[in-house]
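Accompanying notes for the structure given below.
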Amino acid sequence: MLENGKIGVRQFTVLVIIFTIGSSILVAPAGLASVAKQDAWIAAIFGVGVSMFFVWLYNSLGKQFPNRTLAEYSEQILGKWVGKMVSLLFVSYFFILAALLLREIGDFMTTQVMPETPIQSILIIFLGIVLMGTRLGLEPLIRASEIFFPWIIGLLFFLVIALTPEIEFRKMEPILEEGMKPVLRATFPFLGLPFLELVVFLMIFPYVNRTKEAEKAFFIGTLIGGIILILVTMLTIFVLGSDFAARQLYPSYVLAKKINIADFLQRVEAIMAGIWFLTIFFKLTICFYASALGLAQTLKLSDYRVLTFPLGMILVVLSLVVSPHIVHFQTFIKEIWTPYSLTYGLFFPLILLGVAAIRKKYGNDTKTEPEKIQS
Amino acid sequence: MGISVGILAVAMVIFMIEAPPLLKQKKKKELWVFSILLLFGVGVSIAEGLQVNIPNPLDAITLIYKPLHDWILNILK
């Protein structure tokens, strides 16, 4: 195997939580509020509900090949050439996702924090630590996520507590003013933004210690991450109101600006930015890692690390090229990202699962590896 | 001009770090993939640095998936 790291079940849960809230925590509430208005939180709950089905799908695919990554078993299931094609497509998906995440950081920094710094320098500096994390490998990365996790949760907790006095429940009225349709329409992009991207974990799944418990960890992680997203969406709606929230690029960032404790503790939005940077770093590194590992496994290379520097160079250019301006970027995320993700997050896993089942039934050459003996 | 020189210098440094161990271990395939990717990276970086218009892969994706998006939106209308 290219990667010898081993992840514990708890570490995997932490990683899934961080991945789910990464980037979506800042961006998702705006998309939800712009379509579903004051019912955005209902749409968020729906989204989390549907995501459980995706996780179930990834679990049932992952547990058939407990020792192999997506790139390896797609070749085993679909045959050499089609399998290689599919895994390269998956690599391209992870890579584009990584580029979009990197661009998101750049856009956020240049619009909110450092407007005079050229975006390239922010991208390159951030990519620096991503490359470092990727080259160190899975295990150090995941230990780091374990160290940062209490901070992320602590900061979120502080945010929620500090915003409680600002909540006005009448902002959630009228509930379901226009029926269910707008809610469903808002749920749709929300599925693509964090939940279909979870397919990346099929590249990491085989490195988790105990497959059986890893499945549960996948569910729990997604659920906790989803609940955090629901909570943040609720706060955005109840504190800012749906109109104002929908007009913001980063509503939860604006939300943090609302914190005012006794006219003394104000302007703590950097906390929100901090949570976001930590989570998006891990999300981006996992995506980049998955694309480098996937490419190495598809081409049967002995190490993915040699690919990281060249891929990093391409990633910076790609994230500059992907959109001419921020509006184009936002429309792409809102309209095209979910259908695009559906191909990889739903369509391909279903096909892989179906073909694997057929092959198993008719006893072709595909043998599922026996489960590893666990201590 | 300065940008191109800078990118080439960075690429040289990357090559100096990665290539010698691969050469020593006679990992030809790895070296090939690495070099091709690096060459591609240098190419697009310089093009971007000189503000050449690089085709946006997302445009192709948009072209393919726009009908699907419209169709789904139509159902939920």
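So that the names make sense, note that chain A is the first sequence line, chain B the second, and so on, each numbered from 1.
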State which residues pass side chain to side chain contact (heavy atoms under 4.5 Å, CB included) with B:D59; sequence neighbours excluded, sorted by chain then number.
-> A:H328, B:N56
Greater than 12 external heavy atoms within 6.0 Å of B:F40's CZ = no
Rounding to 0.5 Å, atoms CD (B:E48) and CD1 (A:I314) come to a distance of 13.5 Å
Output for pair (A:L342 CG, B:H69 NE2), nearest 0.5 Å, gives 11.5 Å
Using a cut-off of under 4.5 Å on heavy-atom pairs, state which of B:L73, B:L38, B:I17, B:N53 scores highest against chain A.
-> B:L38
Contacting moiety of B:E30, where chain A heavy atoms sit under 4.5 Å | both
Counting heavy atoms not belonging to A:F347, are there more than 12 under 6.0 Å from its CZ?
-> no
Go through B:S45, B:A19, B:P21, B:A11 and name the one with the most non-hydrogen pairs under 4.5 angstrom from chain A.
-> B:S45
Can you check whether anything in residues 61-68 of chain B gets within less than 4.5 Å of chain A, heavy-atom wise, and list it by number?
-> B:I61, B:T62, B:Y65, B:K66, B:L68
Could you tell me the separation between the CD atom of B:E18 and the OG1 atom of A:T308, rounded to the nearest 0.5 Å?
-> 6.0 Å
Just wondering, do A:L301 and B:K27 contact through their side chains at under 4.5 Å, heavy atoms?
-> no
Roughly how far, to the nearest 0.5 Å, is CZ of A:R185 from CD1 of B:I72?
-> 13.0 Å
Which portion of A:S323 sits near chain B, non-hydrogen atoms under 4.5 angstrom | backbone
Atom CG of A:L184 and atom CD1 of B:I75: how far apart are they, to the nearest 0.5 Å?
-> 11.0 Å
Quick one: are A:L295 and B:L37 in side-chain contact, heavy atoms under 4.5 Å?
-> yes
Is it the side chain or the backbone of A:Y340 that comes within 4.5 Å of chain B heavy atoms, both, or neither?
-> both
Taking side chain as C-beta onward, heavy atoms only, is B:L58 less than 4.5 Å from A:I96?
-> yes
Side chain, backbone, both or neither: which part of B:L39 has a heavy atom under 4.5 Å from chain A?
-> neither
